[in-house]
K.L.:
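Provided herewith is a single structure, encoded as structure tokens, for subsequent inquiry.
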Amino acid sequence: MPKTIISSYPEDDSRLPKDDGVILEVSELFTDTVQGEGINIGHPATFLRLQNCTLDCVWCDTSEVWRYGNPYSVNELLNLLLEHDVVTKLRYGQHLVLTGGSPLNQQTALVSFITEFERRFSFIPIIEIENECTRMPLNRLVPFISYWNNSPKLSSSGNSLTARYRPNILRYLSTLTNSWFKFVITSEQDWFEIETNFLRPELISVNQIILMPQGQTKAELELSRLKTVELAIKYGVRFTDRLHIALWDKKTGI
Ligand code: SF4
């Protein structure tokens, strides 16, 4: 079963980092699980979830987690990864998934985290980053990331167009290696929006698209999975399930 190393729910206002180093606001850290979505679905993974998001999607299944966070120094986090044997697993190919909320909200600190990881352990793990495409990545961060799991949000998310749609950022992200665009699908209308706002303006390429059913619970997922597969087949793009929901339902730390 997945193992929780940090869980910041409920938030601890009195927590202080154990040293003066660079700080990350962490919602949770868990290991011995699998990537549940996207191009690497099923791959063994450790998840570092950072606090806060730039958006507030009506169907977000992690908002009860990323709204909370406690401060951890880079050194504390690296010590925890070592103590829990995660470093060895990462060395042998487990992926480190940086997620949120919005990891790019803390990207300066993430660069320090990865740089210090390499200095201490003499390698850089295979890093995936989840990204809602509202922040331009720092040039210093880009070389460290092996997979860009971009997930731009559509009108069905409930966010305003201004908040969720940044054409210049999308165009840049589409040029990166291993850059994928995962869209949450609630109906065929979502596909028409992808065509209008993403494909016709040539912000992203059709072969970077992955359709994922909306479903915060196993029951919801059962209802939406088939129609999303059918849309993916109809429009010639990839489909991804939500493995963690299918296996463990609406539960965090997995
Ligand atoms: S962008 Fe992702 S983490 Fe943020 S509110 Fe939307 S679904 Fe949740």
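Just follow the structure's listing: the first ligand is 1, and inside any ligand the first atom is 1.
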K.L.:
Using a cut-off of 2.8 Å, count how many protein N, O or S atoms are strictly closer to atom 4 (Fe) of ligand 1.
P.N.:
1
K.L.:
Out of Y165, F192, F181, which one pairs with F198 under the ring pair (Phe, Tyr, Trp, His ring centres under 6.0 Å) rule?
P.N.:
Y165
K.L.:
Identify the heavy atoms of W66 and L50 that sit nearest to each other, and give their distance.
P.N.:
CB-O, 4.0 Å
K.L.:
Determine yes or no for a side-chain-to-main-chain donor-acceptor pair under 3.5 angstrom, with R91 supplying the side chain and F121 the backbone.
P.N.:
yes
K.L.:
Assess whether ring pair (Phe, Tyr, Trp, His ring centres under 6.0 Å) is satisfied between Y147 and W180, documenting all intermediate values.
P.N.:
CA-CA 8 Å; Y147 292 94; W180 303 93; 8.2 Å; no
K.L.:
If you measure only the distance, is there a donor-acceptor pair under 3.5 Å linking the side chains of E28 and T4?
P.N.:
no
K.L.:
Can you confirm whether N168 is buried at CG, in the sense that more than 12 heavy atoms of other residues, nucleotides or ligands lie under 6.0 Å from that atom?
P.N.:
yes
